[in-house]
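Below: one structure, written as structure tokens.
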Amino acid sequence: MSAADEAVSAQDLIARRNRLLGPAYRLFYDQPVQFVRGEGVWLHDAAGHRYLDAYNNVASVGHCHPHVVQAIARQAALLNTHTRYLHETVLDFAEKLLSTFPAEIGHVMFTCTGSEANDLALRVARTCTGGTGFIVTANAYHGVTSALAELSPSLGLPLPEGSHVRLVPAPSSAADAGDVFAHHVRAALDDMKKSGIRPAALLVDTIFSSDGVFADPPGFLRPAVEAVRKEGALFIADEVQPGFGRCGGQMWGFARHGLVPDLVTMGKPMGNGHPVAGMAARPELLAEFGRRSRYFNTFGGNPVSAAAGIAVLDVIESEGLMQNAQRTGAYLIESLGQLQARHDLITEIRGAGLFVGVELRRGGATRAPATTEATRVVNLLRELRVLVSSAGPHGNVLKIRPPLVFGTDHADLLVDSLDQALVRLRRTSAEQMT
């Protein structure tokens with residue numbers, strides 16, 4: 001396919017998409033790309049070009065991993081139904097998944113999406129605490145249901161009048177991040193008291209991905225969690241993005257903070273692209289929830305989803321992907337640090353394992369967020385056939401979270417391409433000033 005044919009084809013697809021799907025969806029990149037095949041860390045477009053995927057954590061063990069594909073196909077050829085019938089596969093999955101958690105986490109309930117898992121966690125928290133107040137960070141994303149949209153300020157929706165949600169600033173990477181974050185959480189709890197609101201939970205994505213990726217110092221979450229538990233509220237760890245070994249060396253993001261959550265939500269990478277998600281919990285909470293309520297999800301925990309989930313856990317263990325995330329992530333962060341020395345636009349590199357944020361700010365005394373530049377870099381990388389995105393309240397943090405099979409050679413390609421993009425950006429800016 002020629003470049004002209006490819007452009008026409010993309011334009012036709014965009015027009016057809018708009019006609020059929022409407023205007024509420026969004027596409028990535030100034031020049032959207034059509035992918036037709038995936039393998040490992042690579043995505044292939046309709047013209048046969050290969051792109052390095054440094055963004056899609058959903059395909060956590062690599063696009064179209066044979067072990068996962070075979071597990072899905074094998075179970076789909078036998079039976080797929082719901083959890084109101086007895087089926088051994090879902091129990092095998094539950095046992096294998098729960099074995100990755102601290103002993104205090106003893107039950108798991110399955111859903112189809114992370115949004116559903118977080119929605120269920122809200123219900124459990126309200127039921128078990130009698131509270132209605134929730135604390136989230138100022139640019140958090142936790143899901144797309146009506147309830148979660150209110151707890152996802154990154155969607156850009158204002159809090160409704162009388163909301164029981166309180167927003168707190170995201171943590172920083174400073175040494176006193178824990179004390180500062182806990183101070184904001186205590187202030188939110190005090191404000192709830194003044195408004196006659198009983199707190200139900202602190203809900204955080206444990207790597208604060210939408211806020212701009214904040215992982216360090218390890219343990220900084222503890223004072224905030226102690227503060228909410230002192231008021232009878234729960235700690236919900238949203239592991240939809242940081243979970244399943246992504247942070248390197250440990251299965252779950254909360255483990256870096258030496259904490260055991262009350263509820264843990266999971267999704268995206270859980271089925272390597274197959275829609276499976278869940279909520280794990282302390283048994284005493286589900287005992288109370290089950291006594292006063294009930295839950296059923298037609299597709300949550302179906303045998304095919306369970307087979308996919310088991311296969312993902314098998315691959316993470318057999319291929320040492322947690323260790324690879326730790327090793328390759330450290331190499332990537334070090335390489336980005338060397339790149340930072342050559343590009344003033346890079347002001348901070350944050351992350352853990354294969355979840356990395358690269359913050360871009362303009363020079364000068366104010367060091368203003370380089371929002372426009374970050375958008376341009378993302379699109380320049382797409383032209384170089386490397387895929388990343390951006391995050392943070394100003395959209396000035398490059399968001400890097402590749403499949404866990406990402407190796408040091410892939411990291412080299414990513415860093416080299418980012419170097420090229422920044423050089424092109426600097427050259428273009430200089431030309432515009434002359």
Side-chain angles (χ1 to χ4, degrees), residues 35 37-43 51-72 93 96-97 99-101 108 110-115 117 141 205-207 209-210 213 215 237-256 264-280 304-329 332 351-357 387-389 391 399-408 410-411 414:
F35 291 119
R37 185 167 64 89
E39 181 181 11
V41 299
W42 303 103
L43 288 170
Y51 293 70
L52 179 66
D53 186 357
Y55 176 70
N56 287 294
N57 71 320
V58 175
S60 58
V61 300
H63 292 280
C64 302
H65 193 290
H67 183 65
V68 182
V69 172
Q70 290 163 12
I72 291 171
F93 182 31
K96 193 172 183 70
L97 182 62
S99 72
T100 69
F101 285 99
V108 61
F110 293 112
T111 65
C112 300
T113 67
S115 291
Y141 172 75
D205 158 6
T206 56
I207 202 164
S209 51
S210 294
V213 186
D238 183 340
E239 294 285 339
V240 171
Q241 295 196 60
F244 290 90
R246 174 149 300 277
C247 295
Q250 297 160 313
M251 195 68 166
W252 307 107
F254 64 76
R256 301 186 75 252
V264 183
T265 55
M266 305 156 272
K268 294 187 191 300
M270 199 167 171
N272 208 50
H274 184 89
V276 54
M279 181 201 72
V304 173
S305 294
I310 291 171
V312 167
L313 294 174
D314 286 343
V315 174
I316 290 173
E317 182 179 0
S318 65
E319 297 186 10
L321 295 187
M322 280 192 295
Q323 295 76 15
N324 181 69
Q326 186 174 38
R327 181 173 58 253
T328 304
L332 175 60
L354 283 172
F355 208 134
V356 179
L387 307 177
V388 302
S389 187
K399 187 176 182 180
I400 301 168
R401 46 167 203 186
L404 298 179
V405 292
F406 209 72
T408 55
H410 305 124
L414 168 61

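A search for side-chain contact (heavy atoms from CB on, under 4.5 Å) contacts involving Ser115 returns Thr113, Tyr141, Val144, Thr145, Leu148, not counting sequence neighbours. With sequence neighbours excluded, the residues that form a side-chain contact (heavy atoms from CB on, under 4.5 Å) with Ala54 are Val388, Ile400, Pro402, Phe406, Leu414. Under the side-chain contact (heavy atoms from CB on, under 4.5 Å) criterion, Gln70 pairs with Pro66, Arg74, sequence neighbours left out. Evaluation of the side-chain contact (heavy atoms from CB on, under 4.5 Å) rule for Gln250 yields Ala255, Arg256 as partners, not counting sequence neighbours. With sequence neighbours left out, the salt bridge (Lys or Arg N to Asp or Glu O under 4.0 Å) criterion links Glu39 to Arg37.
To the nearest 0.5 Å, atom CG of residue Leu332 and atom CZ of residue Arg327 are 13.5 Å apart. Taking CG of Asn57 as the start and CD of Gln241 as the end, the distance is 6.0 Å to the nearest 0.5 Å. With rounding to the nearest 0.5 angstrom, the CZ atom of Arg246 is 10.0 Å from the CG atom of Leu321. The SG atom of Cys247 sits 11.5 Å away from the CE atom of Met322 when rounded to the nearest 0.5 Å.
Proximity of a side-chain donor or acceptor of Asn56 to a complementary backbone N or O of Ala59 within less than 3.5 Å is not detected. Between the side chain of Arg401 and the backbone N or O of Phe355 there is no donor-acceptor pair closer than 3.5 Å. For Glu239 (side chain) and Phe254 (main-chain N/O), a donor-acceptor pair under 3.5 Å exists by modelled atom type.
Of all the heavy atoms in Met279 and Ala117, the pair that sits closest is CB-O, 4.3 Å. Contact record, Gly248 with Ala325: CA-CB, 4.0 Å, taken as the closest heavy-atom pair. Of all heavy-atom pairs between Val41 and Val405, the closest is CG1-CG2, 3.6 Å. Considering every non-hydrogen atom in both Phe93 and Leu313, the closest pair reads CE1-CD1, 3.9 Å. The two residues Ala391 and Ser209 come nearest to each other via the heavy atoms CB-O, 3.4 Å. Of all heavy-atom pairs spanning Phe110 and Val108, the tightest one is CZ-CG1, 3.8 Å.
With a 4.5 Å cut-off on side-chain heavy atoms, Val240 and Asp205 do not count as touching. Between Phe35 and Leu387 the shortest side-chain heavy-atom distance falls below 4.5 Å. Contact annotation: the side chain of Leu97 approaches that of Phe244 to within less than 4.5 Å [non-hydrogen atoms, C-beta and beyond]. Between Glu319 and Asn324, the closest side-chain pair of non-hydrogen atoms is not below 4.5 Å. With contacts defined as side-chain heavy-atom distances shorter than 4.5 Å, the pair Met251/Ile316 qualifies.
No hydrogens or angles considered: nothing links the side chains of Thr206 and Trp252 as a donor-acceptor pair under 3.5 Å.
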Would you be so kind as to tabulate the donor-acceptor pairs closer than 3.5 Å made by side chains of residues 264-275, with sequence neighbours excluded?
residue: Thr265; atom: OG1; partner: Asn118; partner atom: OD1; Å: 2.8
residue: Asn272; atom: OD1; partner: Ser60; partner atom: N; Å: 2.8
residue: Asn272; atom: OD1; partner: Val61; partner atom: N; Å: 2.8
residue: Asn272; atom: ND2; partner: Gly62; partner atom: O; Å: 2.9
residue: His274; atom: NE2; partner: Ser305; partner atom: OG; Å: 2.9

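Between Trp42 and His410, the ring planes are perpendicular. Angles over 60° get that label, and only those under 30° would be called parallel.
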